[in-house]
Number of protein chains: 2
Amino acid sequence: MVTVTIKDIARDLNLSTSTVSRALRDSYEINPETKRLVTEYAERLNYRPNPIALSLKENRSRVIGVIVPQIANNFFSQVINGIEAAAHDRGYHVIIFQSHESYEQEMITLQQAVARKVDGLLISLSSSTSDVSQIKELQQRKLPIVLFDRVVNDLDILCVTADNFGGAFAATEHLIQTGRRRIAHLAIPPHISITQERLAGYRAALEKYEIPYDENLIRYASFGQNEVEPIIDELLSYNPDAFFAASDRLSTSCLAALKSRNIAIPEQVSLIGFTNLPVADLLAPPMSTVEQPALEIGQMAAEQLINLIEGKQKDIQPGTNRIPTTMVIRASSQPAGK
Amino acid sequence: MVTVTIKDIARDLNLSTSTVSRALRDSYEINPETKRLVTEYAERLNYRPNPIALSLKENRSRVIGVIVPQIANNFFSQVINGIEAAAHDRGYHVIIFQSHESYEQEMITLQQAVARKVDGLLISLSSSTSDVSQIKELQQRKLPIVLFDRVVNDLDILCVTADNFGGAFAATEHLIQTGRRRIAHLAIPPHISITQERLAGYRAALEKYEIPYDENLIRYASFGQNEVEPIIDELLSYNPDAFFAASDRLSTSCLAALKSRNIAIPEQVSLIGFTNLPVADLLAPPMSTVEQPALEIGQMAAEQLINLIEGKQKDIQPGTNRIPTTMVIRASSQPAGK
DNA sequence: TTGTAAGCGTTATCAT
DNA sequence: ATGATAACGCTTACAA
């Protein structure tokens, strides 16, 4: 595609490129008449500065990289939405990379992002990642990085997450307050930060109400196919009176499994899920939910990253920023007797 | 962030940058020994060519732009997934732009993408777009463009869509075959190509079974809030015995509206939706669905675009490529008497 | 076989 | 007030 450059304008107007550049850039002393001439002509030709040339010169791309496990996922697509909004507001574009829940892919993708010269990186770790040394190394090499959602507890790195502890606590407390005592907890893999936080919230609620913690009621599922069904069966053998599912996919899998076993919700067991499903209201049987502020997480993460990039980071402390979750109790999910 | 350039290698090895470049690029006659030296050293320093410098030189960015109405949407996020996969396979990265269903925003975004020097553009038109002159103009200026899903019927431009006609025909035929005759059709705005195609499929099925076409049963809804409820009420006043909802959002809105009016599905009315909802199986009352091959649409669109970009387009005719849809009939969505 | 130089588009520095 | 030049990182004629 042919495009107009500063050279074209200079040639046509019998000026030097530096003069044209100055006129456009509004800098320095320049003849107002020349300036008018140039800007008008540039306007007429629909001149746009070449960001690639600028990137080369300024050694910055105005692109931020986002690494997520999957795009085609409600939560992450909403987060990306928030990231885009905040980034565009500040003149950045976004390139998305997927790790597909694989550590190896995540590392490859990390290298690609760096090679692509992103100005900074927003990362939500893959479920199979336990080693963040490469990320830390890039950080030490001065690449601005902010983690979100699936983070790692490490004070040196800026993080943005939902209030997983609070959400899990509220969910568990709700179940207890509606008379449940044997609450099964279906979680994603244990080494991920959010798993630990949600589990901690769950335990804290149990403790508050002096309900014993039973390890048999805790199960972890990764992201494979058909992993959940047998786990549900195992859990059911311990006679739970409620399920707390700790992720989007686990919530729906759990719902489907209970449905197919003709287990009445909430008569036989209650169900509450950590999920951002847009159609949760239409699901049957109804499930109460804890929703993560996906959009806000994305916005905040992007803003903090851009502050880092632009060196405006005095006021923000490294550490984790937690954004509150929203619990949605669906009336008919409460036990009939209540 | 400090990174290694060809200059660093040249300096350290007492060579010229061109020699280093040649050694790395594997081109030209070069001393095998020198080559070994250079490649090994580059490897050791983890040298990566600067894509920005390459872009400037080669006048191509190896980035394709994608303009969609919304990212946070099942269908589009799945399409993007497919686009990413195909693009990465061929060494391209993807920058995503959102039109938020606004024509103005779409035009701004189009300019941004062009200014960003994308090598090509994949576009799904916003619902408020009727004028594609800017897109055609860019195309005439030799920017490779492929439209997908929401396309415009114009033989000059390459398009990839689902088989909307076929899907709508199948859905309508299914409703007829299960005894329905007054089938309400809830569609997205009429000027969008997919609306017309789905409507045509609907009409064709009616004609095949010699059922009169009743305009009162056809309604259009845009993407605003709370638009659907009153429309459903209007439609209900014409006593439909089935609803065919032509989009993701309309399907769920329709389901919600019918549910809140205590209209039994499928006893009173049947419902079939054009939707890619991942949890359709869990919805109650059950709705049959026509699913679009989102991933495949994304892959095919990206492949065709990259072929265009790389000039390998001899074998592919301009026009529209239609990928079949999948109809999922949920048993309990059939009328009880059947 | 290797080095020199020009060029991609832009801006900053230093003349003029 | 404006022009010439160098530089960002890389490739590629052309020269040696």
message = Please check if the number of heavy atoms outside B:E40 that lie under 6.0 Å from its CD is greater than 12.
response = yes
inquiry  = If I take atom CG in residue B:N14 and atom P in nucleotide C:dT4, what distance separates them, rounded to the nearest angstrom?
reply    = 12 Å
Most 5' of B:A53 and B:T19 on DNA chain C, judged by nearest nucleotide = B:T19
task = Just compare D:dC10, D:dC8, D:dT2 and give me whichever is closest to any side-chain atom of A:T34.
result = D:dT2
request  = Please state whether the phosphate of C:dT11, meaning OP1 or OP2, lies under 4.0 angstrom from any side-chain nitrogen or oxygen of A:S21.
outcome  = yes
ask   = Is A:N59 touching bases, backbone alone, or none of the nucleic acid, heavy atoms closer than 4.0 Å?
value = nothing
request  = Output yes when A:R62 and A:D119 qualify as a salt bridge under the 4.0 Å nitrogen-oxygen rule, no when they do not.
outcome  = no
query = When the distance from CG of A:N50 to P of C:dG9 is rounded to whole Å, what number comes out?
reply = 7 Å
query = Hey, does the side-chain of A:R48 have a donor or acceptor N/O within less than 3.5 Å of a partner on the base of C:dG9?
reply = no
ask   = D:dG9 P sits how many Å from B:M1 CE, rounded?
value = 13 Å
Separation of C:dG7 C1' from B:K57 NZ (nearest whole Å) = 6 Å
request  = Check the distance between D:dT12's C1' and B:I30's CD1 and give it to me in whole angstrom.
outcome  = 13 Å
ask   = Can you check the B:R116 CZ to C:dG9 P distance for me, whole Å?
value = 17 Å
inquiry  = Under 4.0 Å from OP1 or OP2 of D:dG9: is there any side-chain N or O of B:T5 that close?
reply    = no
query = Would you find a donor on one side and an acceptor on the other, under 3.5 Å apart, between the side chain of B:S193 and the backbone of B:V151?
reply = yes
note = Against the side chain of B:L56, the closest entry in D:dT11, D:dG9, C:dT10 is D:dG9
D:dT11 OP1/OP2 closer than 4.0 Å to side-chain N/O of B:R22 = no
remark   = When A:K7 and A:E58 are each assigned the nearest nucleotide of DNA chain C, the 5'-most assignment goes to A:K7
N-O pairing of B:R90 and B:E303 below 4.0 Å = no
task = May I ask you to say whether A:R150 pairs ionically with A:E101, meaning some side-chain N is under 4.0 Å from a carboxylate O?
result = yes
ask   = Has the side chain of A:S18 got a donor or acceptor that lies under 3.5 Å from a partner of the other kind on the base of D:dA4?
value = yes
task = Would you kindly give the CD1-to-C1' distance between A:I52 and D:dC8, to the nearest whole Å?
result = 14 Å
key: Nearest-Å distance for atom pair CG/P, residues B:L54 and C:dG9   = 15 Å
